[in-house]
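Here is the structure we will look at.
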Amino acid sequence: MENVILSVRNLCAGYRNRRILDNIDLDIQRGKIYSIIGPNGCGKTTLIRAMSRNLRPESGEILLDGSNIFRTNTKQVARKMAVLGQSDNSMSDITVRTLVQYGRYAHKKWWAGSDSEDARIVDWAIERTGMLSLQNRRINALSGGERQRARIAMAIAQKPEMILLDEPTTYLDIAHQLEIMELVSALNREEGITVVMVLHDMNHAARYSDELVLLDNQKIYRTGRPQELLDNGELEKVFKVEAEILTDSEDNSPIFYAKRVRR
């Protein structure tokens, strides 16, 4: 398909002889936001790890613009796809600007240092994520929301066509969760970056996504627009809850209100 940037074909993946995903097929279209949702243990992180080249599948393939990501040079993949896993504290003692500069790695020859183009893009990424006043502060001196914005700045400094995010709002308070979701939405809308993310919050997924990918029992249970999945009671079946679907008065996005566990 012409508009597909990433394709997952017949994917089987897991850990230590334990299969987590079985025969997954999924197409990611350019310019959209996808949220992967589902119960704990259903394989959300396993899928995003395979898609991001951090987990080699048992079988099947993942194609980035038609090329198998496991047979493609690392820098070539990084020029098209940025990846942010769950919170990483391994580079906490460097400044925001230094962290963001790492995002230019994919575009550098091994012998080359930074140039004016790199500096311009780093400046852009820092400003775009609202980190200008914090660029000389060390990562370990930032709040959780600020750290996440710094990591997103590093990702977009790659100038990728798509970003994969694994639980980008975990451990953040409500205000910082919304701040990150609004930033991701703006990057998609204004920069044209395709987004695939794992989310636990159903209402964030419903409000900010074009498409939901619902996983259950090692497979994709269903994909579709948020309104479709919520209106048809698909989430209630998979999560085994009784829920009421409300409507946001501002943007008409569906709101998932879980009332009780199904007995």
Side-chain angles (χ1 to χ4, degrees), residues 1-13 21 23-38 42-55 57 60-72 76-85 106 152 155-156 158-168 180-199 201-216 219-232 234-235 238 251-254:
M1 294 173 63
E2 184 177 340
N3 201 39
V4 171
I5 185 170
L6 189 75
S7 294
V8 179
R9 291 284 174 266
N10 304 313
L11 178 73
C12 296
L21 298 174
N23 199 32
I24 299 292
D25 287 296
L26 179 65
D27 284 326
I28 302 299
Q29 294 190 337
R30 294 179 191 279
K32 288 188 174 184
I33 297 180
Y34 291 77
S35 286
I36 302 171
I37 59 175
C42 70
K44 299 184 294 294
T45 291
T46 301
L47 178 56
I48 206 100
R49 289 194 68 210
M51 293 168 69
S52 64
R53 210 167 169 258
N54 287 317
L55 176 68
E61 59 183 3
I62 299 165
L63 307 175
L64 179 61
D65 273 340
S67 297
N68 189 310
I69 61 171
F70 290 97
R71 298 176 191 160
T72 305
Q76 288 180 311
V77 173
R79 287 170 191 156
K80 292 188 176 183
M81 181 170 68
V83 179
L84 285 184
I152 292 173
I156 66 173
Q158 291 179 218
K159 296 299 283 185
E161 297 178 32
M162 71 181 300
I163 296 180
L164 305 184
L165 303 162
D166 190 3
E167 300 183 26
I180 294 302
M181 295 307 301
E182 289 291 340
L183 173 59
V184 169
S185 179
L187 290 171
N188 167 261
R189 185 176 62 253
E190 297 167 13
E191 308 296 338
I193 299 174
T194 305
V195 178
V196 181
M197 54 187 168
V198 170
L199 288 178
D201 190 306
M202 296 301 104
N203 293 318
H204 286 167
R207 181 176 182 183
Y208 292 100
S209 306
D210 298 300
E211 301 280 340
L212 300 181
V213 180
L214 179 58
L215 297 183
D216 191 36
K219 298 182 181 296
I220 292 181
Y221 184 88
R222 190 172 171 194
T223 63
R225 293 184 299 107
Q227 195 74 49
E228 294 172 345
L229 266 66
L230 270 67
D231 279 356
N232 291 334
E234 305 288 8
L235 296 190
V238 169
D251 60 10
N252 292 320
S253 61

Task: Arg225 bridged to Asp231 by N-O distance under 4.0 Å - done: no
Task: Shortest non-hydrogen separation from Ala206 to Ser253 and the atoms involved - done: O-CB, 4.3 Å
Task: Heavy-atom check, side chain of Asp65 versus side chain of Arg30, under 4.5 Å - done: yes
Task: Pairwise distance OG1(Thr72) to CD1(Ile62) - rounded to 0.5 angstrom - done: 11.5 Å
TODO: To the nearest 0.5 angstrom, please state how far the CG atom of Leu64 sits from the CZ atom of Arg79.
DONE: 12.5 Å
TODO: Kindly give the heavy-atom pair with the smallest separation between Val8 and Met51, and that separation in Å.
DONE: CG2-CG, 4.0 Å
Task: Minimum heavy-atom distance Asp25-Asn10, with the two atoms named - done: OD1-N, 2.9 Å
- [ ] Determine the minimum heavy-atom distance between Val4 and Leu6, stating which atoms define it.
- [x] CG1-O, 3.4 Å
Open item on the list: Tell me whether Glu61 contacts the main-chain N or O of Asn68 through its side chain, where contact means a donor paired with an acceptor under 3.5 Å.
Closed with: no
Task: Euclidean distance, Thr223 OG1 relative to Ile36 CD1, rounded to 0.5 Å - done: 11.5 Å
Open item on the list: Show, in sequence, the C-alpha distance, side-chain angles and deciding distance for Ile180 and Ile152, and conclude whether the side chain to side chain contact (heavy atoms under 4.5 Å, CB included) test is met.
Closed with: CA-CA 9 Å; Ile180 294 302; Ile152 292 173; 4.1 Å; yes
Open item on the list: I want to check something: taking the side chain as every heavy atom from C-beta on, are Arg207 and Met181 in contact at a cut-off of under 4.5 Å?
Closed with: no
Open item on the list: When you compare the side chain of Glu167 with that of Thr45, does any pair of heavy atoms fall below 4.5 Å?
Closed with: yes
Open item on the list: What I want to check is whether the side chains of Ser185 and Arg189 have a donor and an acceptor closer together than 3.5 Å.
Closed with: yes
Open item on the list: A side-chain contact here means heavy atoms from C-beta on lying under 4.5 Å apart; do Pro160 and Met81 qualify?
Closed with: no
TODO: Apply side chain to side chain contact (heavy atoms under 4.5 Å, CB included) to Val195 and Leu187, showing your working.
DONE: CA-CA 9 Å; Val195 178; Leu187 290 171; 5.9 Å; no
Task: Nearest heavy-atom neighbours spanning Pro168 and Val198 - done: CD-O, 3.4 Å
Open item on the list: Side chains of Leu212 and Leu230, heavy atoms from C-beta outward: is any pair under 4.5 Å?
Closed with: yes
Open item on the list: For a 4.5 angstrom cut-off between non-hydrogen side-chain atoms, does Met197 reach Ile33?
Closed with: yes
Open item on the list: Applying side chain to side chain contact (heavy atoms under 4.5 Å, CB included) to Glu211 and Gln29, what does each step give before you reach the verdict?
Closed with: CA-CA 10 Å; Glu211 301 280 340; Gln29 294 190 337; over 6 Å; no
Task: Contact summary for Cys42 and Leu215, nearest pair of heavy atoms - done: SG-CB, 3.6 Å
Task: N-O pairing of Asp27 and Arg9 below 4.0 Å - done: yes
Open item on the list: Please check: side-chain N/O of Arg49 versus main-chain N/O of Asn54, any donor-acceptor pairing under 3.5 Å?
Closed with: yes
Task: Value rounded to 0.5 Å, distance of NE2 in His204 from OG in Ser209 - done: 10.5 Å
Task: Intermediate values then yes/no, side chain to side chain contact (heavy atoms under 4.5 Å, CB included), Ile37 and Val238 - done: CA-CA 10 Å; Ile37 59 175; Val238 169; over 6 Å; no
- [ ] Hey, could you give me the CD1/OH distance between Ile48 and Tyr34, rounded to the nearest 0.5 Å?
- [x] 12.5 Å
TODO: Could you grab the distance from atom OG of Ser7 to atom CG of Leu63, nearest 0.5 Å is fine?
DONE: 5.5 Å
